[in-house]
Peer 1: 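A single structure is presented below for examination.
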There are 2 protein chains.
Amino acid sequence: MSINMSEKNEIIKALIPLEEKHKTNLTVDCVIFGYDQGDLKVLTIECDMDPFLGMYSLIGDFVKETETTNQAAKRILKFCTGNDDIFLEEVQSFSEINRHPYGRVITIAYYSLVQIGKTKMTDNAGKHLQWTSVNNIKEMAFDHKQILDLCLFSLRRSLRDSPIGFELLPKKFSLKQLQTLYEVVLDIELDKRNFRRKLRTMDILIDVDELQQEVSHRPAKLYKFNVKYYESKKYNGFKFDL
Amino acid sequence: MSINMSEKNEIIKALIPLEEKHKTNLTVDCVIFGYDQGDLKVLTIECDMDPFLGMYSLIGDFVKETETTNQAAKRILKFCTGNDDIFLEEVQSFSEINRHPYGRVITIAYYSLVQIGKTKMTDNAGKHLQWTSVNNIKEMAFDHKQILDLCLFSLRRSLRDSPIGFELLPKKFSLKQLQTLYEVVLDIELDKRNFRRKLRTMDILIDVDELQQEVSHRPAKLYKFNVKYYESKKYNGFKFDL
DNA sequence: TTCATATAGTGTAAAATTAACACTATCTTC
DNA sequence: GAAGATAGTGTTAATTTTACACTATATGAA
C-alpha cells in the first residue's frame, strides 16, 4: 500500500522539529541586462515547467545552505555569462503563495548589467539561453514579467543617480554611444549639447585620445569612465545626476 | 540509546525529498520608525537569545507557509503597534551564513512609519517593547544595527522624493512641525521661507483653518496633507522633491 | 582631387529654480 | 499694556536648465 504526496508531506513535517516547520524554498532570480546597438536586452531561458512550457523565463536557482543570496546570484551570473565581477543589485522579494506551480517558493530578485560582447554564453547550460529585447517581451513564465518590470524600473532610477551605465558599454566609448544608452534605457530624448556639457562639468570622463574606427564619416573621440575620480568624490558632496 | 542533534538532523535530511533540502528558515525583521517631539525613534525589543542577551533587537518573526513576506511584516506591525494599515516598505534581504546563532536564518528587512501617539503598545507582547532614539543606538543583537542603518538610509531617500513624512506626523500639523521632521530625520538645516514656498508651490497641503492649541505664544496654523491631489498628480509629471 | 555624405563637435541667451537673507504679526503671560 | 516667544512673509542674486543651429572632419565615390 502506497501513500500519496500530501500524506508523505505530513509524515515528513511531523518528523521535523518546530523551527524547521517554518522553512521555505528560497531562490534568487536574475534579470541580466545587456545592451547592444541601441537595444536593451535581457537574458532569458525557455521555461520547461508545466503550465509555462516554452515561455520566456528568468534565470534562477535555489539558495544553498552554504551561500548568501548575493553569492547565489553571482553563481548564476558566472554560470550564464562566464563572467565574475559584474554589476549586481538586489531589488525585492516575491512571495505570493501560488507564484510557483510546484509549491511554495519565495524568490529574491536581482538585476545585473553586463556587456553583451564580453559574455561567453556557456552552451553547457544547454537550455536555450538567449538575449531578448526588453521591448519584445510581453509575457513570461511565473511572475517573471512582474519581476522584470520592477527591475527595469529600478535600473532606470539607478541609471539617473549613479554612473552604472558604464557597465553596459565597452571600456572605451563615444559620447554619442553614452547618450544613446541613456535615451534607449530611459526611453527619453536628450539634447546633445546639454548632455555633453553636463558630463564635462562632472569631470568623470577621461579622453583616451583615440578615435572610433571603421566608420565612413568623421570618427568620434573615445572616452573612458574615470572610476578613481568618481570613487574619490562620491562621498564628498559630489552628485551624479543625469 | 539516544542520538545527538546533528545525527538527528542528518536523519531528517535523508527523509526529505530533494527539493526540500534547499529549504531555509526565512524571517522578516521590521524597523518601525516613530517620531516624537523632534526625535526619530525605533521600536526595539530586548533580545533573549544567548550571545546577545539584553541587547536591543528589532522585531521579527518567521514567514509562515500561508502568508507573503508583506503579510508577515504587517502581522508583526499589528502585533506590536495594534495598528493596521501603516506605511511599510521592503528594503533588502540579509543572508550571511552565521548571522543567527541558532543556525541558518535569512531575513528580509522592512521599515515602516507610525505615529507614536497612535500606537497601542500591546503589553501582552510581554517582551519589553520600547521606543528608542535612533541616535542612542550604538549596537544591536545579530546584524540588526546594519539592518537599522540601511533602513534609515532608505527612509531618508524616500523622504526626499515621496511624501511619506506625513506618516510620521498627526493628521493636522504646523509647517514648523513638518520642517523639523525633515531637519531631524535628514539631519540637515532648512530655510524656513524657502521650505514654505516649496510646499506652497507643490500645492499638497490643505489649510484646515485651525490654530495650534495651548502654546504660550502666537499659535501656528494647522494643515493636512492633500492626499487626493497628490495621488491624482503623481503619475502626471508631478514630482515631490524636498 | 574634389565633392557629396554622414556624423562629430561646439556656444549663447532666456527661463526656471535655488539660495541667501531680516523684519513684522500675533498670541500668551505677567 | 508691555515683554516674551514663535509665526509668518518677499526680494534679489546666483545657479542650473532649456532651447536652439551651425561648423568641422572623416570616408567614399566620381
Side-chain angles (χ1 to χ4, degrees), chain A residues 37-39 159-161 163 169-170 172-184 186-225 233 236-242, chain B residues 37-39 159-161 163 169-170 172-184 186-225 233 236-242:
Chain A
Q37 326 203 65
D39 203 8
L159 195 64
R160 299 204 86 125
D161 56 44
L169 292 176
K172 299 169 186 177
F173 51 84
S174 69
L175 296 177
K176 170 75 174 173
Q177 283 178 295
L178 186 61
Q179 183 181 339
T180 304
L181 169 68
Y182 272 84
E183 292 181 324
V184 168
L186 297 178
D187 194 25
I188 53 173
E189 285 201 357
L190 294 168
D191 179 274
K192 179 161 67 162
R193 283 179 284 192
N194 294 339
F195 182 78
R196 285 166 187 233
R197 178 177 32 254
K198 196 144 198 179
L199 284 164
R200 219 179 299 130
T201 60
M202 278 198 280
D203 248 349
I204 52 169
L205 294 184
I206 297 172
D207 182 343
V208 296
D209 204 28
E210 283 178 53
L211 296 180
Q212 221 174 6
Q213 296 298 319
E214 299 177 11
V215 286
S216 66
H217 54 78
R218 176 177 178 180
K221 296 180 79 170
L222 298 182
Y223 296 82
K224 62 179 183 183
F225 175 46
K233 294 281 172 177
N236 208 15
F238 176 87
K239 247 188 100 178
F240 184 91
D241 182 21
L242 267 173
Chain B
Q37 325 202 66
D39 203 7
L159 195 64
R160 299 204 86 124
D161 57 45
L169 291 176
K172 300 170 185 176
F173 50 84
S174 69
L175 296 177
K176 169 74 173 178
Q177 282 178 295
L178 186 60
Q179 182 180 339
T180 304
L181 169 68
Y182 272 85
E183 292 182 324
V184 168
L186 298 177
D187 194 23
I188 54 175
E189 285 201 355
L190 294 168
D191 180 274
K192 179 160 67 163
R193 283 178 284 191
N194 293 340
F195 182 78
R196 285 166 186 233
R197 180 178 30 254
K198 197 147 198 179
L199 283 164
R200 218 179 300 131
T201 61
M202 279 198 280
D203 248 348
I204 51 168
L205 295 184
I206 296 173
D207 181 344
V208 296
D209 202 28
E210 282 178 53
L211 297 179
Q212 223 174 5
Q213 296 298 317
E214 300 178 11
V215 285
S216 67
H217 54 78
R218 177 176 178 182
K221 295 179 81 171
L222 298 181
Y223 296 82
K224 63 180 182 181
F225 175 46
K233 294 280 171 178
N236 208 15
F238 176 88
K239 247 188 101 180
F240 185 92
D241 182 21
L242 266 174

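Proteins get letters first, then strands, A, B, ... in listed order; numbering begins at 1 in each.
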Peer 1: Is a side-chain N or O of B:Tyr182 found less than 3.5 angstrom from the main chain of B:Glu189, in a donor-acceptor match?
Peer 2: no

Peer 1: With distance as the sole test, does B:Glu183 use its side chain to make a donor-acceptor pair with the main-chain N or O of B:Leu190 at under 3.5 Å?
Peer 2: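 Yes, the answer is positive, given that a donor and an acceptor are paired below the 3.5 Å cut-off.
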
Peer 1: Which pairs with one or both residues in residues 200-225 of chain A pass salt bridge (charged side-chain N to carboxylate O under 4.0 Å, His left out), sequence neighbours excluded?
Peer 2: A:Lys172-A:Glu210, A:Asp207-A:Lys221

Peer 1: Could you pull out the closest heavy-atom pair between A:Leu205 and A:Phe173, with the gap in Å?
Peer 2: CD2-CZ, 3.9 Å

Peer 1: Where is the tightest heavy-atom contact between B:Leu211 and B:Pro219, given as atom of each residue plus distance?
Peer 2: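 Nearest heavy atoms, B:Leu211 then B:Pro219: CD1-CG, 4.0 Å.
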
Peer 1: Rounded to the nearest Å, what distance is computed from the CG atom of residue B:Leu190 to the P atom of nucleotide C:dA20?
Peer 2: 12 Å

Peer 1: Rounded off to whole Å, could you give me the CD-to-P distance for the A:Glu189 and D:dT18 pair?
Peer 2: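 Atom CD in A:Glu189 sits about 14 Å away from atom P in D:dT18.
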
Peer 1: Among residues 194-206 of chain B, which contact DNA chain D at a heavy-atom distance under 4.0 Å?
Peer 2: B:Arg196, B:Arg197

Peer 1: Whole-Å distance between D:dA5 P and B:Leu211 CG?
Peer 2: 21 Å

Peer 1: For the pair made of CZ in A:Arg193 and C1' in C:dT10, what is the distance, rounded to whole Å?
Peer 2: 7 Å

Peer 1: I'd like to know if the side chain of B:Asn236 reaches the main chain of B:Phe238, judged simply by a donor and an acceptor atom lying under 3.5 Å from each other, with no hydrogens or angles considered.
Peer 2: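 A pair under 3.5 Å: no.
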
Peer 1: Whole angstroms only, please: what is the CG-P distance between B:Asp191 and D:dT12?
Peer 2: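 Those two atoms, CG and P, are 17 Å apart.
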
Peer 1: Starting from P on C:dA19, measure out to CD1 on B:Ile188 and report it in whole angstrom.
Peer 2: 10 Å

Peer 1: Let me know the distance between CG of B:Leu242 and P of C:dA19, rounded to the nearest Å.
Peer 2: 12 Å

Peer 1: Using a 3.5 Å distance criterion without hydrogens, assess whether the side chain of A:Gln212 forms a donor-acceptor pair with backbone atoms of A:Ala220.
Peer 2: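 Yes, A:Gln212 side chain to A:Ala220 backbone: donor-acceptor pair under 3.5 Å.
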
Peer 1: Starting from the 5' end of DNA chain D, give me the residue, A:Ser216 or B:Gln212, whose nearest nucleotide shows up first.
Peer 2: B:Gln212

Peer 1: Judged by each residue's nearest nucleotide on DNA chain C, which is more toward the 5′ side, A:Ala220 or B:Pro219?
Peer 2: A:Ala220

Peer 1: Let me see the working for A:Leu178 and A:Tyr223 under side-chain contact (heavy atoms from CB on, under 4.5 Å), right down to the final yes or no.
Peer 2: CA-CA 10 Å; A:Leu178 186 61; A:Tyr223 296 82; over 6 Å; no

Peer 1: For nucleotides 23-25 of chain C, tabulate all protein N/O to nucleotide N/O atom pairs closer than 3.5 Å, reporting atom names and distance.
Peer 2:
residue, atom, partner, partner atom, Å
C:dA25, N3, B:Arg218, NH1, 2.9

Peer 1: Hey, what do you get for NZ (A:Lys176) to OG1 (A:Thr180), rounding to the nearest 0.5 Å?
Peer 2: 4.5 Å

Peer 1: Write down the distance between CG (B:Leu175) and P (D:dG8), rounded to a whole number of angstrom.
Peer 2: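 Value for this atom pair: 6 Å.
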
